[in-house]
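The structure appears below as C-alpha cells.
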Amino acid sequence: MHIFDSVQKTKRKFIPLKEGKVTLYVCGPTVYDDAHLGHAKSALVFDLLTRVLEANGYEVTYARNITDIDDKIIKKAIEQKKDIKTITDFYTEAFHTEMEAIGVKRPTLEPKATQSLEAMIDLIQKLIDKGHAYQTTEGDVYFDTASDSKYLTLSHRIQNEQDRQERIASSAQKKNHADFALWKSVKDNTVTFTSPFGAGRPGWHLECSAMIEKHLAYSDTPFAIDIHGGGADLLFPHHENEAAQTRCGTNHELANYWMHNGFVNIEGEKMSKSLGNSFFLKDALKEYDGEVLRFYLLTTHYRSNFNFSIFTVKLIKTRLDKLYRLKKRLFGLTTCNDDTAFKKELLAELSDDLNVSTALALIDEMISKANETLDTAGKHKLLKRETMANLAYIEEVLGFGGKNPFEYFQFGIDEATKEKINMLIEQRNAAKKEKDFALSDKIRDEILSLGVNLMDTPQGTFWEKV
RNA sequence: GGUGCCAUCGCCAAGUGGUAAGGCCGCAGCCUGCAAAGCUGCUAUCCCCAGUUCAAAUCUGGGUGGCACCUCCA
C-alpha cells in the first residue's frame, strides 16, 4: 500500500504504527446545514481508503467527528427559534441517511464535540501548563504560535512580516497575529460551557486534537495516529493548528500520514453559498441513483479537483451500466469468494494511492472478456464462477455494483409507468410473433417516448431507463 | 501581495525518465426482422519556447492559460 502524503508531498509506502492495525481520523461535518457534494466527495474518498486498507488485511479504526458546537449552529438556532440539539440532531440524521445512499459505511467511531468537552479542557490545561497557551484579560485562551518552533511546517507556509504588522492592531490581546483561540470567553447568555478558564466555548481547531487524543491515539508511538484526512482547504489553518496543539500538548506528533482530497466545483465554478450554486447531496439524490453519484465522484483521482457537470454524469453512468448489464446476464447465479487474478490486480491498483482510474480500466477489461466468452456457445461454468467472485469483490472494495441489476436500470420510474411499459412490451411481443413489425416498431417508439430503451435477448425483452 | 496546484484525443481520465491505459462519442464489421445490448477493428506524441539526457508527457528554466489556500468551509 502506498499513500501520497500531502505534508511530505511524496508518495510513501504505508507502514502502520502498529502491525496489522490502522488508525484513521477524518474531519467530519459541522451539522448546521445539508451536506453538499463536497462533503460527499470527502466521505467517499475515506470510505474507499478504509475499504482498501481492510482488503489489504488491516484492522481499521476510523473516526470521523461530528461538530455540534459552532457559531453557525447557534446562529441557525436563533434564526429558526429552535433548540441547538434539534438543529444538530436533524442534520446529523440527514447526513447519515445521505451518506448511506451513496454507499458510505459508518465510521468505527463518530465522536461529537459536545461529548468531548472534558478532553478539550484537559488539552487546554496541558498547553497552558507547558507554556504554549495563555489567557487574556478578556478571558480568551490563545495558543502561542511563537512557542512552537515547528508551527507552519505542516502547510509549508512562511510567516509574513508585513501581514503580521498589519494585524497586530486589530487583535491587541494576542501575542502574535497567528495565535488562534483555544477557548473563547462568552459573556452573553447564549450557549456556554463551564471551564476552569471561565464560561465560554471551545475553539474549533481544538476539538479534533482532543477527540483524537481521547478516542484514537496510541500512547507509546511517535505519532498519535497513522493517517489524518480531510478536504484540501483544511490543511491551513485547521490541520496546522491541530498538529501544533497535539505536538505541544502531548508527547507525540499528530499523524504519520496526511491525506487531503481535492475540491468539487460545479460546472467549472467554485461551489459556495454566496454564488448560490451549492449543490446539495439531497437534491442530487433526487436526480441520480446514489450509486451513480458514488461512481461518478470516484472516477477522478481523489487529490484532483473535481468538476461536477450534469453532462458528464450521464457520460460516466454508461460505464457503470456496462457492469450492471453483465450482472443481468449472470442474474440468479450464486456468488462466491474465489481468489482470481483480477481481484489481485484490482487491489494492487487501488493500493497505489487509490488509483481508481486504472482499477476501472481493469474492470472494463474484465467485463469485456466475460461478455465475449458468454457470447460464444457453451456453459462457461468456471468463467461464470470467477465473474461472480469478481463482481462481489468490486462491490466489497469499491462499493458499487451491489444492486439488483434490473432495479438499477429502473431508477426514477414510478410503478404506474412500469406497469404500462410491461403491458406495451407484451403487446409488442404479440405483434412480433405475428411478424407485424410495423406495429411492433410503433410500440417500441411509444415506449422510447417514455424514456425507456428496449433490449431483445434470448432470455426475453428487457427495458432500461435511458 | 504571499504560498501552492494544474494544463494529456471532441468529452471524462490514467501514466512522474524508456518510447501515450481505460471509458464516452464517431467510423467500419459481426449479431438482429430492424433496433438496442454485446463483441471485433480503427481514431492523440501529451499548452508554447529553450535546456539536461542515449532517451522526456514525465526533469530544469522561461512564457501563456486555469485554479486553490492565506477568513468559516469537505
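- If you check B:A74, B:C72, B:C34 against the side chain of A:Arg428, the one that comes closest is B:C34.
- Counting non-hydrogen atoms under 4.0 angstrom, A:Ile316 reaches the backbone sugars and phosphates but no base.
- At the heavy-atom level, A:Lys9 lies under 4.0 Å from the strands shown only through sugar-phosphate atoms.
- Applying the side-chain contact (heavy atoms from CB on, under 4.5 Å) criterion to A:Leu298, with sequence neighbours excluded, gives A:Leu44, A:Leu48, A:Arg294.
- When the ring pair (Phe, Tyr, Trp, His ring centres under 6.0 Å) test is applied to A:Phe263, no partner is found at least two apart in sequence or on another chain.
- Whole-Å rounding puts the A:Lys174 NZ to B:U71 C1' distance at 11 Å.
- Straight-line distance from the CD1 atom of A:Ile310 to the P atom of B:C24: 22 Å, rounded to whole Å.
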Would you tabulate the pairs of protein nitrogen or oxygen atoms and nucleotide nitrogen or oxygen atoms of nucleotides 67-69 of chain B closer than 3.5 angstrom?
unit_1	atom_1	unit_2	atom_2	d
B:C69	OP1	A:Lys270	NZ	3.0
B:C69	O2'	A:Arg157	NH2	3.2

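- Across all strands shown, A:Arg64 has no heavy atoms under 4.0 Å from either base or sugar-phosphate atoms.
- Distance A:His301 NE2 to B:U8 P: 17 Å, rounded to the nearest Å.
- Computed from coordinates, the A:Leu323 CG to B:G22 P distance equals 18 Å when rounded to whole Å.
- Contacts of A:His205 classified as ring pair (Phe, Tyr, Trp, His ring centres under 6.0 Å), with partners at least two apart in sequence or in another chain: A:Phe180, A:His238.
- Note on A:Val45: nothing from the nucleic acid sits closer than 4.0 angstrom, heavy atoms only.
- Here A:Lys9 pairs with A:Phe4, A:His156 under the side-chain contact (heavy atoms from CB on, under 4.5 Å) rule; sequence neighbours left out.
- Under the Watson-Crick and G-U wobble criteria, each requiring two contacts below 3.5 Å, nucleotide B:G4 is paired to B:C67.
- Applying the salt bridge (Lys or Arg N to Asp or Glu O under 4.0 Å) test to pairs two or more places apart or on separate chains, those with a residue in residues 437-451 of chain A are A:Asp441-A:Arg444.
- Within 4.0 Å (heavy atoms only), A:Gly231 reaches sugar-phosphate atoms of the nucleic acid but no base atom.
- Judged as a side chain to side chain donor-acceptor pair (under 3.5 Å), the pairs with a partner in residues 430-440 of chain A (not counting sequence neighbours) are, in order, A:Lys432-A:Asp456.
- Contacts between residues 346-360 of chain A and RNA chain B, counted as heavy-atom distances below 4.0 Å, involve A:Asn355, A:Ser357, A:Thr358.
- A:Phe406 is linked by a ring pair (Phe, Tyr, Trp, His ring centres under 6.0 Å) to A:Phe331, A:Phe462, counting only residues two or more places apart in sequence or in another chain.
- Sorted by first and then second residue, the salt bridge (Lys or Arg N to Asp or Glu O under 4.0 Å) pairs with a member in residues 304-316 of chain A form an empty list; sequence neighbours excluded.
- You'll find the side chain of A:Lys76 reaches within 4.5 Å of the side chain of A:Asp33, heavy atoms only.
- As judged by a 4.0 angstrom heavy-atom cut-off over every strand, A:Lys41 is placed among residues making no nucleic acid contact.
- Side chain to side chain, A:Asn265 and A:Asn305 fail the donor-acceptor criterion of an N or O pair below 3.5 Å.
- Proximity note for A:Asn453 (side chain, C-beta onward) versus B:A36, B:A21, B:C11: the nearest is B:A36.
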At a cut-off of 3.5 Å, list every protein nitrogen or oxygen paired with a nitrogen or oxygen from nucleotides 38-40 of chain B, distance to 0.1 Å.
unit_1	atom_1	unit_2	atom_2	d
B:G38	OP1	A:Arg325	NH1	3.3
B:G38	O3'	A:Asn371	ND2	3.2
B:G38	O2'	A:Asp375	OD2	2.8
B:C39	OP1	A:Ser368	OG	3.1
B:C39	O4'	A:Asp375	OD2	3.3

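- Among the heavy atoms of the strands lying under 4.0 Å from A:Leu315 is at least one base atom, whether or not backbone atoms are also near.
- Qualifying side chain to side chain donor-acceptor pair (under 3.5 Å) partners for A:Ser351, counting only residues two or more places apart in sequence or in other chains: A:Asn56.
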